[in-house]
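Working notes for the structure below.
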Amino acid sequence: MKRDFIALFILFISLNINAQNIFPVKLNNCDTSKFCLDCGDVKAGYDEKEFQKLLEELNNSLDLKGVSGNVKFQVLINSKGKGCVLSHTDKSNDPITLKIIDKLNNLKKWQPAITSNKKEESTSISLVFFIKDNKISGNIERVDLEAFRKSFDKPQNPEIYNTTYTYKNENLKNYKFTIWNSKNSNLENNWNDHLTFDESNYLWITTDRGLESFNGTIFTKQIPDIIDTSTIYFYALEADNAGKIWIYAAKNILNFYNNKWTLIPKEESGLEGVYK
């Protein structure tokens with residue numbers, strides 16, 4: 001497979017996503033180095049008393065006469081119980097929305113998500129606020145992860161941020177572009193974070209639920225025989241000059257070379273986390 005002439009277009013997103021805004025209006029005041037989408041054995045949330053106090057303060061301070069509708073907010077919650085609004089749906093940036101953002105950013109006692117009895121470093125949840133009959137109310141809107149996965153089988157037009165520069169590449173006409181996805185191939189799903197090419201120019205990709213290689217025609221699911229892969233995610237992925245594939249999963253380093261898997265446990269590598 002010639003990497004110079006074949007391009008793979010896959011949606012690079014995972015349930016463990018980096019800086020992924022789910023609503024159109026994006027804010028830049030949050031630490032978005034790494035977070036997961038509504039994950040955890042115990043979901044992230046808020047202290048009910050503190051949230052009711054927030055609603056009371058909003059209702060007492062806002063003039064809601066003649067106002068109706070709803071707005072959704074994406075909030076990041078870290079392991080220390082601190083919340084930060086990352087994105088929302090109100091493109092008008094109404095003063096009511098800005099007031100809600102301020103209250104959410106200062107809300108005390110957010111409850112972090114917990115997985116395997118350990119607090120998640122950072123989790124994204126969605127909240128929806130309703131205004132009706134001169135009163136504001138709100139609650140968490142949980143993500144239907146299966147529906148969210150399926151939605152990416154119907155990609156929308158990309159959001160274009162660059163409005164000032166026109167890209168020109170006279171050689172584009174010389175390339176053949178082929179698109180593979182879960183609808184027209186045996187690719188498991190369209191949730192992908194990382195890719196690399198091995199010494200045979202086979203493409204390796206991490207998917208939401210596993211690891212696959214691609215020979216230009218067929219995707220092959222890769223199942224390391226040295227670790228239980230049923231409950232883990234594959235993160236960083238890279239190939240070195242010797243042709244070895246290196247993968248980070250479940251706080252361990254996996255190595256694939258000459259059709260053999262090798263496990264380097266975290267006690268040996270000393271690494272607590274890998275992003276690249």
Side-chain angles (χ1 to χ4, degrees), residues 11-27 30-56 58 68-91 96-97 100-132 135-156 182 188-193 207-209 230-233:
L11 180 65
F12 297 104
I13 183 172
S14 165
L15 295 182
N16 291 270
I17 50 185
N18 296 310
Q20 177 66 29
N21 305 92
I22 61 177
F23 297 133
V25 182
K26 302 166 179 60
L27 307 178
C30 304
D31 178 8
T32 59
S33 56
K34 188 78 172 179
F35 62 87
C36 57
L37 177 64
D38 205 7
C39 62
D41 303 326
V42 178
K43 301 292 187 181
Y46 46 67
D47 179 90
E48 190 65 40
K49 290 184 179 180
E50 290 293 330
F51 190 73
Q52 290 304 314
K53 180 181 177 182
L54 177 149
L55 292 176
E56 290 175 6
L58 287 172
S68 63
N70 67 78
V71 59
K72 296 182 180 182
F73 300 87
Q74 178 186 15
V75 179
L76 294 186
I77 302 172
N78 66 22
S79 59
K80 297 180 179 179
K82 176 70 174 178
C84 179
V85 177
L86 178 60
S87 65
H88 62 83
T89 58
D90 179 19
K91 292 185 178 181
I96 295 176
T97 296
I100 295 173
I101 291 173
D102 180 65
K103 289 292 185 181
L104 290 174
N105 284 337
N106 289 284
L107 180 67
K108 299 178 181 179
K109 298 182 180 179
W110 287 100
Q111 298 168 347
I114 299 174
T115 303
S116 300
N117 296 319
K118 182 180 179 181
K119 293 179 180 179
E120 291 284 351
E121 180 181 338
S122 188
T123 311
S124 161
I125 66 171
S126 299
L127 285 82
V128 56
F129 283 77
F130 303 93
I131 302 176
K132 184 178 181 182
K135 185 177 181 180
I136 191 168
S137 60
N139 58 260
I140 293 176
E141 186 175 74
R142 293 298 178 192
V143 177
D144 183 338
L145 297 181
E146 193 59 36
F148 199 59
R149 286 189 184 96
K150 291 180 180 179
S151 71
F152 286 96
D153 283 330
K154 299 178 181 179
Q156 305 298 314
S182 61
E188 185 175 31
N189 61 68
N190 295 326
W191 289 68
N192 310 106
D193 270 332
T207 68
D208 174 47
R209 294 174 177 173
S230 61
T231 60
I232 67 172
Y233 290 103

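Computed from a prediction, not measured in an experiment: that's the story for all the values here.
Note that the CG atom of Asn117 and the CG atom of Asp41 stand 8.0 Å from one another [nearest 0.5 Å]. Between atom OG1 of residue Thr97 and atom CD1 of residue Ile131 there is a gap of 7.0 Å, rounded to the nearest 0.5 Å. Taken from CG in Asn105 to SG in Cys84, the straight-line distance is 5.0 Å, to the nearest 0.5 Å. Rounding to the nearest 0.5 Å places OH of Tyr46 at 6.0 Å from CG of Asn139. The NZ atom of Lys26 lies 9.5 Å from the CD atom of Gln74; values are rounded to the nearest 0.5 Å. Residue Asn70 holds its CG atom at 11.5 Å from NZ of Lys132, rounded to the nearest 0.5 Å.
Annotation: side chain of Ser124 is in contact with side chain of Leu76 (closest heavy-atom distance under 4.5 Å). In this structure, Val71 and Ile96 have side chains that are not in contact, with every pair of non-hydrogen atoms separated by 4.5 Å or more. Under the 4.5 Å side-chain criterion, counting only non-hydrogen atoms from C-beta, Val75 is not in contact with Leu107.
The two residues Val25 and Thr89 make their nearest non-hydrogen contact at CG2-C, 4.4 Å. Heavy-atom minimum distance, Phe23 versus His88: CB-O, 3.3 Å. When every heavy atom of Ile125 is checked against every heavy atom of Arg142, the shortest pair comes out as CG2-NH1, 3.9 Å. Here the closest non-hydrogen pair linking Ile140 and Ala44 is CD1-O, 4.1 Å. Shortest non-hydrogen contact noted between Gly81 and Pro112 is CA-CD, 4.3 Å. When every heavy atom of Gly40 is checked against every heavy atom of Ala113, the shortest pair comes out as CA-CB, 4.4 Å.
Looking at Glu141, its side chain never comes within 3.5 Å of a backbone N or O of Val128 through a donor-acceptor pair. Panel note: side chain Ser79, backbone Lys119; no donor-acceptor pair is recorded below 3.5 Å. With Lys43 contributing its side chain and Asp38 its backbone, the two residues share a donor-acceptor pair below 3.5 Å. In this structure, Lys108 contributes its side chain and Asn106 its backbone to no donor-acceptor pair below 3.5 Å.
Side-chain N/O atoms of Asn189 and Ser182 include no donor and acceptor closer than 3.5 Å. Remark: the Glu48 side chain and the Gln52 side chain contain an N/O donor-acceptor pair separated by less than 3.5 Å.
Ring pair Phe51/Phe129 is tilted by interplanar angle, where 30° to 60° counts as tilted.
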- Message: The test is side chain to side chain contact (heavy atoms under 4.5 Å, CB included); show your working for Phe73 and Asp90 and say whether it passes.
- Response: CA-CA 9 Å; Phe73 300 87; Asp90 179 19; over 6 Å; no

- Message: Evaluate Ile22 against Ser126 for side chain to side chain contact (heavy atoms under 4.5 Å, CB included), listing each step before the verdict.
- Response: CA-CA 9 Å; Ile22 61 177; Ser126 299; 3.3 Å; yes

- Query: Between Leu54 and Leu104, does a side chain to side chain contact (heavy atoms under 4.5 Å, CB included) hold up when you go through it step by step?
  - Reply: CA-CA 8 Å; Leu54 177 149; Leu104 290 174; 4.1 Å; yes

- Going through the checks in order, is the side chain to side chain contact (heavy atoms under 4.5 Å, CB included) test met by Asp31 and Asn78? CA-CA 9 Å; Asp31 178 8; Asn78 66 22; over 6 Å; no

